[in-house]
Amino acid sequence: MNMLRNVLRWLHDRFDRNTLYATAVGRDKKVDELPSFKYYDKLYCLWNFIKHNSTSTYEKLHSVYPELIYEDAEYKQGFPAFHIIKFSDELIVELLNGCDSFFKEYCELVYKENYDEAQWNYGRYFLDIVDEQIELITNPLGLPWYI
């Protein structure tokens, strides 16, 4: 229970990776057990290396995701990190699509909310349909109100 109180306190001050993990405490599984977690983790390690450009973040990226780094690249702290990373269109699409899946799985785990159902199962969705039908009856030509 103390862990939950700490998480709620953190949500007001800051939000980081540990807070993300802690929001799933007491759920069916851990965040890092989600099928698409690997995409989130890969993007996070890549971002962290580019942001900090330090030996420790390079070593972390190299040990966990060596396929992201050119084999013949020599890393020296302070040199531009993007020179040794194998960026490609495929990598970017893979990471964006993977993170999309990860956050849908995360919402399912933490909030018990199905993404596909959430796209239509809310009050405003139905009110918008009613408003459109009223507009069709009251303004069948679709003219702007100021004419």
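The first residue in the sequence is number 1, and the count goes up from there.
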A.B. asks: Verify the neighbour count for atom CZ of Phe79: are there more than 12 heavy atoms of other residues, nucleotides or ligands below 6.0 Å?
C.D. replies: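 Atom CZ in Phe79 is not crowded, with 12 or fewer foreign heavy atoms closer than 6.0 Å.
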
A.B. asks: Are side-chain heavy atoms of Trp120 and Glu117 found at a separation under 4.5 Å?
C.D. replies: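 Contact flag for Trp120/Glu117 side chains = yes.
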
A.B. asks: Considering only heavy atoms from C-beta outward, does the side chain of Asn114 approach that of Asn121 to under 4.5 Å?
C.D. replies: no

A.B. asks: Apply salt bridge (Lys or Arg N to Asp or Glu O under 4.0 Å) to residues Lys104 and Glu113 and explain how you reach the verdict.
C.D. replies: CA-CA 9 Å; Lys104 289 174 184 175; Glu113 183 156 319; over 6 Å; no

A.B. asks: Does some side-chain heavy atom of Glu67 sit less than 4.5 Å from a side-chain heavy atom of Lys42?
C.D. replies: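 Touching, per the 4.5 Å side-chain cut-off.
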
A.B. asks: Identify the heavy atoms of Gly98 and Ser36 that sit nearest to each other, and give their distance.
C.D. replies: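 For Gly98 versus Ser36, the nearest heavy atoms are O-CB, 3.7 Å.
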
A.B. asks: Between Tyr75 and Tyr58 (judged by ring centroids, cut-off 6.0 Å), do the two rings come close enough to count as a pair?
C.D. replies: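 Ring centres of Tyr58 and Tyr75 closer than 6.0 Å.
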
A.B. asks: With a 6.0 Å cut-off (strictly less than), is the heavy-atom count around NZ of Lys112, excluding the residue itself, greater than 12?
C.D. replies: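 For Lys112, atom NZ is crowded (more than 12 foreign heavy atoms under 6.0 Å).
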
A.B. asks: Is Tyr44 close to Arg17 at the side-chain level, that is, under 4.5 Å between some pair of heavy atoms?
C.D. replies: yes

A.B. asks: Test Leu61 against Asn48 for side chain to side chain contact (heavy atoms under 4.5 Å, CB included), laying out the working first.
C.D. replies: CA-CA 9 Å; Leu61 181 66; Asn48 200 35; over 6 Å; no

A.B. asks: Quick check on the hydrophobic clustering: are Val110 and Leu34 connected, directly or via other members, by side-chain heavy-atom contacts under 4.5 Å?
C.D. replies: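 Val110 and Leu34: one cluster.
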
A.B. asks: Hey, are the side chains of Thr23 and Tyr106 touching, using non-hydrogen atoms and a 4.5 Å cut-off?
C.D. replies: yes

A.B. asks: Are the side chains of Ile85 and Ile50 in touch, meaning some heavy atoms are under 4.5 Å apart?
C.D. replies: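 Yes, at least one pair of side-chain atoms sits under 4.5 Å.
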
A.B. asks: Could you go step by step and tell me if His52 and Thr57 meet the side chain to side chain contact (heavy atoms under 4.5 Å, CB included) rule?
C.D. replies: CA-CA 7 Å; His52 296 288; Thr57 56; 4.1 Å; yes

A.B. asks: Side chain to side chain contact (heavy atoms under 4.5 Å, CB included) for Asn139 and Ile134? Distances and angles first, verdict last.
C.D. replies: CA-CA 8 Å; Asn139 185 9; Ile134 291 171; over 6 Å; no

A.B. asks: Membership question, hydrophobic clusters at under 4.5 Å side-chain separation (ILVMFWY): are Val93 and Phe87 in the same one?
C.D. replies: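 Different clusters.
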
A.B. asks: Of all heavy-atom pairs between Gln119 and Tyr125, which one has the smallest distance, and what is that distance?
C.D. replies: O-CD1, 4.0 Å

A.B. asks: Is it the case that the side chains of Thr55 and Gln77 hold a donor-acceptor pair, with the cut-off being a distance below 3.5 Å and no angle test?
C.D. replies: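 The criterion, which ignores hydrogens and geometry beyond distance, is satisfied for Thr55 and Gln77.
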
A.B. asks: Considering all heavy atoms of both residues, which atom of Ala24 and which atom of Leu109 are nearest to each other, and what is their separation?
C.D. replies: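 Nearest heavy atoms, Ala24 then Leu109: CB-CD2, 3.9 Å.
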
A.B. asks: Search all heavy atoms of Cys99 against all heavy atoms of Tyr40 and return the closest pair with its distance.
C.D. replies: SG-CA, 3.8 Å

A.B. asks: Could you check Asp41 against Tyr65 for side-chain hydrogen bond (donor to acceptor under 3.5 Å, both in side chains), going step by step and ending with a plain yes or no?
C.D. replies: CA-CA 10 Å; Asp41 189 54; Tyr65 301 106; 2.7 Å; yes

A.B. asks: Calculate, to the nearest 0.5 Å, the distance between atoms CD and CD1 belonging to Glu135 and Ile137 respectively.
C.D. replies: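 So the CD of Glu135 and the CD1 of Ile137 are separated by 10.5 Å.
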
A.B. asks: Is there a path of hydrophobic side-chain contacts, each under 4.5 Å between heavy atoms of I/L/V/M/F/W/Y residues, joining Leu20 to Val64?
C.D. replies: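 Result: no, two separate clusters.
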
A.B. asks: For residues Leu136 and Ile129: do they belong to one hydrophobic cluster (side chain heavy atoms under 4.5 Å, members Ile, Leu, Val, Met, Phe, Trp, Tyr)?
C.D. replies: no

A.B. asks: For the atom pair OG1 (Thr138) and CH2 (Trp145), what is the distance rounded to the nearest 0.5 Å?
C.D. replies: 14.5 Å

A.B. asks: Evaluate the side chain to side chain contact (heavy atoms under 4.5 Å, CB included) criterion for residues Phe49 and Lys60: first the C-alpha distance (whole Å), next the side-chain angles of each, then the deciding distance (0.1 Å), finally the verdict.
C.D. replies: CA-CA 8 Å; Phe49 171 57; Lys60 171 74 174 174; over 6 Å; no

A.B. asks: Shared ILVMFWY cluster between Leu95 and Phe82, side chains joined below 4.5 angstrom?
C.D. replies: yes

A.B. asks: From Cys107 SG over to Phe102 CZ, what is the distance, rounded to the nearest 0.5 angstrom?
C.D. replies: 9.5 Å

A.B. asks: Take atom NZ in Lys86; do more than 12 heavy atoms of anything else shown fall under 6.0 Å from it?
C.D. replies: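 Yes - once you tally the heavy atoms of other residues, nucleotides and ligands closer than 6.0 Å, there are more than 12.
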
A.B. asks: Search all heavy atoms of Asp131 against all heavy atoms of Arg124 and return the closest pair with its distance.
C.D. replies: OD2-NH2, 2.9 Å

A.B. asks: Within the 4.5 Å heavy-atom criterion, are Tyr39 and Glu94 side-chain neighbours or not?
C.D. replies: yes

A.B. asks: Quick one: pull up CD in Glu105 and CG in Asp100 and give me the separation to the nearest 0.5 Å.
C.D. replies: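 Here the rounded value is 10.0 Å.
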
